[in-house]
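Keep in mind the model is a prediction, meaning the values are calculated, not measured. Lettering of chains follows the sequences in order, A, B, ..., and the numbering in each one begins at 1.
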2 protein chains.
Amino acid sequence: MSSAERLIESTRELLWERGYTGTSPKEIQRRAGAGQGSMYHHFAGKPDLALAAINRTAEEMRAKAEAGFTVPGTAMERITGYLRRERDVLKGCPIGRLTQDPEVMADPGLRAPVEQTLSWLRDRIAEVLEEGRERGELAPGLDPRTTAATVVAVLQGGYVLARAAESTAPFEQAITGVLDLLAAHTSRPAAG
Amino acid sequence: MSSAERLIESTRELLWERGYTGTSPKEIQRRAGAGQGSMYHHFAGKPDLALAAINRTAEEMRAKAEAGFTVPGTAMERITGYLRRERDVLKGCPIGRLTQDPEVMADPGLRAPVEQTLSWLRDRIAEVLEEGRERGELAPGLDPRTTAATVVAVLQGGYVLARAAESTAPFEQAITGVLDLLAAHTSRPAAG
DNA sequence: GTCTATAACGTGATAGAC
DNA sequence: GTCTATCACGTTATAGAC
């Protein structure tokens, strides 16, 4: 792996673990096994390197989510599969956590991928729910857009509760709770 | 207001806006209109001052929540009142945001009030839901503890979505979505 | 491309005058 | 109690050798 590559990967890890404000170029270099000169040769500075790291993480997050949504099955099964997917719960969402970083949110370039990724996720879940409604799997009274916002919020908030408790239990409970609530709005035409 | 008091209040604001890692003693002093000497006279250092600030914020958060839960009404009305309460949505939750701060979570003294406050909130909401179930307002199939975790997660996650979008809209949608889902599990003995 | 040296500035804290 | 001076260290970057 090239120096530039190792620098990006180290930055991704540190942004996840410590956020943008809490991450220094020095620590990035140390973890990447690269010197100052190498970093400033490949990247203009900390914001430039962070942008590369955030863009890659955002892309990866979309790909993982999309893989879950594209599988066959009812809307409820696809949402369940997405929510129950294996996750590093105690580390939280690498994109969602950046919303708490004032320096990220103050920089339009760094904020854009964060905004777009979470916006895309809500839209995508709303589409899945809309498809389920069209197929008669979901109650017509269920609004796809508000429900999608709720699903994404439970996920993001579940991470917060897990980190606070230093336990995955509240995350699992939050997911189970919203799936139980959703289940009451489903009918299963195939299974009767 | 005394210097010590102004220092605590400035710290509370800065922890909310910038987090612990992103807040320097110098900035706290500037905002409080106090010098270095004053701060280090009243507090042992940054962690000590932050602890005082976090404890006060945690206390305030509990008091506000409790005020919402103590009002008369059905469980659904009390939960709705709590979730619909006026909030500084784009600033997010002053306690929840600390879960993303690695330095806070690494310090047991600072972490404790964060953990206890969110744990208390889940317990308190579970109690309200349990009361509703006992009164026949809520479906017996609804588990109070998992549902409470979902409610708190929607709130915490709603803040994340709002900050990402720089808009309160996704927060409102997430709240509306979970209340709609909950509504399907309620019966209103009084209203028929 | 990668290294080391240097620098201007900020951080978190201490010391001691007043 | 509050002030200013000072300090060791870290941050973010630039310069220039190799």
Side-chain angles (χ1 to χ4, degrees), chain A residues 1-56 97-98 100-111, chain B residues 1-56 97-98 100-111:
Chain A
M1 200 172 7
S2 70
S3 269
E5 198 59 27
R6 290 200 311 277
L7 284 162
I8 293 177
E9 288 302 314
S10 298
T11 305
R12 296 218 298 150
E13 290 172 18
L14 284 164
L15 286 182
W16 198 359
E17 294 168 16
R18 305 192 42 82
Y20 182 83
T21 301
T23 296
S24 68
K26 189 176 226 168
E27 175 67 10
I28 293 170
Q29 294 151 24
R30 200 196 56 73
R31 196 177 289 209
Q36 293 258 63
S38 182
M39 173 181 146
Y40 284 101
H41 170 76
H42 293 289
F43 301 96
K46 183 181 168 182
D48 185 42
L49 176 49
L51 181 59
I54 293 172
N55 277 335
R56 183 173 296 184
R97 81 149 291 155
L98 298 175
Q100 301 299 325
D101 206 306
E103 292 183 55
V104 170
M105 301 314 273
D107 183 329
L110 297 180
R111 210 180 73 77
Chain B
M1 199 172 10
S2 70
S3 269
E5 197 60 27
R6 290 200 312 277
L7 284 162
I8 292 177
E9 287 303 313
S10 298
T11 304
R12 296 217 299 149
E13 290 172 18
L14 283 164
L15 287 182
W16 198 359
E17 293 167 17
R18 305 193 40 83
Y20 182 83
T21 301
T23 295
S24 68
K26 189 176 228 171
E27 176 66 11
I28 292 171
Q29 293 152 25
R30 201 196 55 74
R31 196 177 285 210
Q36 293 259 60
S38 182
M39 173 181 145
Y40 285 100
H41 171 76
H42 292 290
F43 302 95
K46 183 181 170 182
D48 184 42
L49 176 48
L51 180 60
I54 293 173
N55 277 336
R56 184 174 296 185
R97 83 148 291 155
L98 297 176
Q100 301 299 324
D101 206 307
E103 293 184 54
V104 170
M105 301 315 274
D107 183 328
L110 298 181
R111 211 180 72 79

Whole-Å distance separating the [atom1] atom of [X] from the [atom2] atom of [N]:
X	N	atom1	atom2	result
B/F43	C/dG12	CZ	P	16 Å
B/R6	D/dG1	CZ	P	14 Å
B/K46	C/dT14	NZ	P	15 Å
A/H41	D/dT14	NE2	P	15 Å
B/Q29	D/dC3	CD	C1'	12 Å
B/K26	C/dT14	NZ	P	17 Å
B/D48	C/dA13	CG	P	10 Å
B/H42	C/dA13	NE2	P	17 Å

Exercise for review: Determine whether B/F43 and B/I8 make a side-chain contact, defined as any pair of heavy atoms from C-beta on separated by less than 4.5 Å.
Suggested key: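 Yes, their side chains come closer than 4.5 Å.
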**Study point:** Residues B/R97, B/E17: salt bridge by 4.0 Å N-O rule
**Key:**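 Looking at B/R97 and B/E17, the cut-off is not met.
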Practice item. Give a yes or no on whether a salt bridge exists between A/R18 and A/E13, defined as a side-chain N under 4.0 angstrom from a carboxylate O. Key: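 No, this pair does not count.
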Exercise for review: Report yes if a side-chain nitrogen or oxygen of B/S24 is closer than 4.0 Å to either non-bridging phosphate oxygen (OP1 or OP2) of C/dT11; otherwise report no.
Suggested key: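 B/S24 to C/dT11 OP1/OP2: side-chain N or O found under 4.0 Å.
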Check your understanding: Are any of A/S3's side-chain N or O atoms less than 4.0 Å away from OP1 or OP2 of C/dG1?
Key ->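 Indeed not, no polar side-chain atom of A/S3 lies that close.
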Check your understanding: Between B/Y40 and B/K46, is there a cation-pi geometry (under 6.0 Å to ring centre, at most 45° from the normal)?
Key ->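 No, B/K46 does not lie over the aromatic ring of B/Y40.
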Exercise for review: Select from B/Q36 and A/E27 the residue whose nearest nucleotide in DNA chain D is closer to the 5' end of that strand.
Suggested key: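 Residue closer to the 5' terminus by nearest nucleotide: B/Q36.
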Check your understanding: Using a cut-off of 4.0 Å on non-hydrogen atoms, how would the nucleic acid contact of B/G35 be classed: base, sugar-phosphate, or nothing?
Key ->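 It contacts sugar-phosphate atoms only.
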**Study point:** Proximal nucleotide (of D/dT2, C/dT2, D/dA13) relative to the A/P47 side chain
**Key:**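 For the A/P47 side chain, the nearest candidate turns out to be D/dA13.
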Point to revise | B/Y40, nearest nucleotide to its side chain (from C/dG12, D/dT12, D/dC3) | key: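 Per side-chain heavy atoms of B/Y40, the pick is C/dG12.
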Practice item. Sort out for me which residue in A/T21, A/L15, A/L98 forms a side chain to side chain contact (heavy atoms under 4.5 Å, CB included) with A/V104. Key: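 For A/V104, the side chain to side chain contact (heavy atoms under 4.5 Å, CB included) check succeeds only for A/L98.
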